[in-house]
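The next block holds one structure in the form of structure tokens; read it before the comments.
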There are 2 protein chains.
Amino acid sequence: MLSQRRKDMASQTEENYLKALYSLSVGKIEVNISELSAALNVSNPTVNSMVKNLKTKGLVKYEKYKPLSLTEKGRKAAALIVRKHRLTEMFLVEKMGFGWEEVHEIAEQLEHVNSSKLFDRMDELMDFPLVDPHGSPIPDRNGNISESAYEPLSKFSVGRKVKLAALGHSSTEFLKYLNSRELSLGTEIEIKSIEPYDGSMVLSYQNHASETFTKAVCESLLVERVG
Amino acid sequence: MLSQRRKDMASQTEENYLKALYSLSVGKIEVNISELSAALNVSNPTVNSMVKNLKTKGLVKYEKYKPLSLTEKGRKAAALIVRKHRLTEMFLVEKMGFGWEEVHEIAEQLEHVNSSKLFDRMDELMDFPLVDPHGSPIPDRNGNISESAYEPLSKFSVGRKVKLAALGHSSTEFLKYLNSRELSLGTEIEIKSIEPYDGSMVLSYQNHASETFTKAVCESLLVERVG
DNA sequence: CTAATATGTTAGAGTCTTCTAACAAATATT
DNA sequence: AATATTTGTTAGAAGACTCTAACATATTAG
Ligand SMILES: [Mn+2]
Ligand SMILES: [Mn+2]
Ligand SMILES: [Mn+2]
Ligand SMILES: [Mn+2]
């Protein structure tokens, strides 16, 4: 028997649109059709018609030629997908021994599995984690999320001691790069110097007395003050 | 970015057809279009066109009005899906604390996840189990499967001592029924008597001195001789 | 303000998966 | 063997998701 998705729930495709819209909405309310196209790697007309579809389902607010935004219903639906994604990533790292650079691809698929049982059990087995392996907060069962208030390392000045708490993005390449520098979440870091020319930072942490990171990298290292 | 399936692999729908065909093929080589329709809960013409599609992909052997069968390529593809299904079921039971009656629905979805990493890790974490929670054998990485030679309990006579090794089918209802009788895999059973009228059996096992099971149930209890 | 550019929409089409209605072949029954 | 029933096929259509080409609107730059 073909296990068919209930008709009242979003298809896998619709879920990916909602999630992309949700990610693009952090820090702003409205999103362009073109931003969505780029994020999802589909054409503009494809997004256009999907947006109309999502509008009829009450998941997005949209008027011709205007930018779009999620409705409350859409926001919650998206947050619940993000919840499944992040719980999965954390489970893969914590309970299955995967590296933080390996889990996104798998979570991208598992996030569409329809089974509260599965994800609630993951949650329970991990004792209800608050963040995923990249430091991003995990929405609760109701789709509520506590936005973290970490700041990019690039904002601080020489001498400051901080702790790496999260990442601005978590592409596989970036994560592998951090692995190669032995930099992981929770690491305490001191800013040794800042190059005025290009904003690159020389950092000291653990058994790395002096490692240089570009400004771009430092903007994606989200930290909290220490001491 | 929409995580799209590689074009050279079977779609989720195609995978479900292959798997159904595979299940229907146990003990016989050829399968009817109508059997497949019934198993997948789709119409006859739908199966007919999908079968043509699978034929062009070299996954099934088929001629108009003749019964169909999997090619070697199709057989292997199906076995690898079954592998993912059964590894998942075992992982859910062994590592996540699910009951054997809860895992099929979840595995039905996870079996379509494209990630050798995930399933090989499950395999490793469980130390390479040979069977799933219902006693069905798990195909290896090459799609090879060792058909188990267990016999239905209904074939034995009074006085025989056996051990429950597998199930002929594993519907949720059947599994819940067995739960209610506290009958699980590995349980040693003695046949106390057989009712000649309807073939029902009175069994003794663990702290159940005398439990009656219908012939239909006993045909689905696959056992091995003990002592 | 006008022209150039960027962004968004419509139209039309193709693939995949499914359906129902109508017809054809094979099998079973009398 | 003739008829009835079961099984399988064809035809035609629909919905979901995607594309490209052409056109429309909005924004940016001179
Ligand atoms: Mn991720
Ligand atoms: Mn996804
Ligand atoms: Mn199963
Ligand atoms: Mn399935």
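Letters A, B, ... mirror the listed sequences (proteins, then strands); counts begin at 1. The figures here come from the full heavy-atom set of this structure, side chains too, leaving out hydrogens, waters and symmetry mates.
Comparing A/Ser49 and B/Tyr62 along DNA chain D, the residue whose closest nucleotide (by nearest heavy atom) sits nearer the 5' end is B/Tyr62.
Taking every side-chain heavy atom of B/Pro45 into account, D/dT10 is the closest of C/dT9, C/dA25, D/dT10. Of the candidate nucleotides C/dT17, D/dC19, C/dA26, D/dC19 has the atom lying nearest to any side-chain atom of A/Thr46. Candidate nucleotides D/dT20, D/dT18, C/dT9 were compared by shortest atom distance to the side chain of A/Ile33, and C/dT9 ranks first. Side-chain proximity of B/Val42 to C/dA11, C/dT17, C/dC19: nearest is C/dC19. The side chain of A/Met50 has D/dC17 as its nearest neighbour among C/dT10, D/dG8, D/dC17. Distance from the side chain of B/Asn32 is smallest for D/dG8 among the nucleotides D/dC19, D/dT9, D/dG8. Nearest to the side-chain atoms of B/Tyr17 among the listed nucleotides C/dT18, D/dT18, D/dT9 stands C/dT18. Listed candidates were D/dT7, C/dT17, C/dT20. Nearest to the side chain of B/Ser43 is C/dT20.
Backbone-only engagement by B/Ser11 is indicated by non-hydrogen atom pairs under 4.0 Å involving sugar-phosphate atoms exclusively. A/Lys52 comes within contact range of the sugar-phosphate backbone alone, with a heavy-atom separation under 4.0 Å but no base atom that close.
Ion pairing between B/Asp8 and B/Lys57 fails under the 4.0 Å rule for side-chain N and carboxylate O. Between A/Glu124 and A/Lys117 there is no salt bridge, since no side-chain nitrogen of the basic residue lies less than 4.0 Å from a carboxylate oxygen of the acidic one. Salt bridge annotation for B/Glu173-B/Lys176: absent, with no cationic side-chain nitrogen under 4.0 angstrom from a carboxylate oxygen. Salt bridge A/Glu14/A/Lys19: absent, no basic N to carboxylate O contact under 4.0 Å.
Here the C1' atom of nucleotide D/dT27 and the OH atom of A/Tyr65 are 13 Å apart, to the nearest Å. Rounded to whole Å, the distance from CG on B/Asn48 to P on D/dT10 is 6 Å.
Regarding contacts with the backbone of D/dT6, every side-chain N or O of B/Ser34 stays at 4.0 angstrom or more from both OP1 and OP2.
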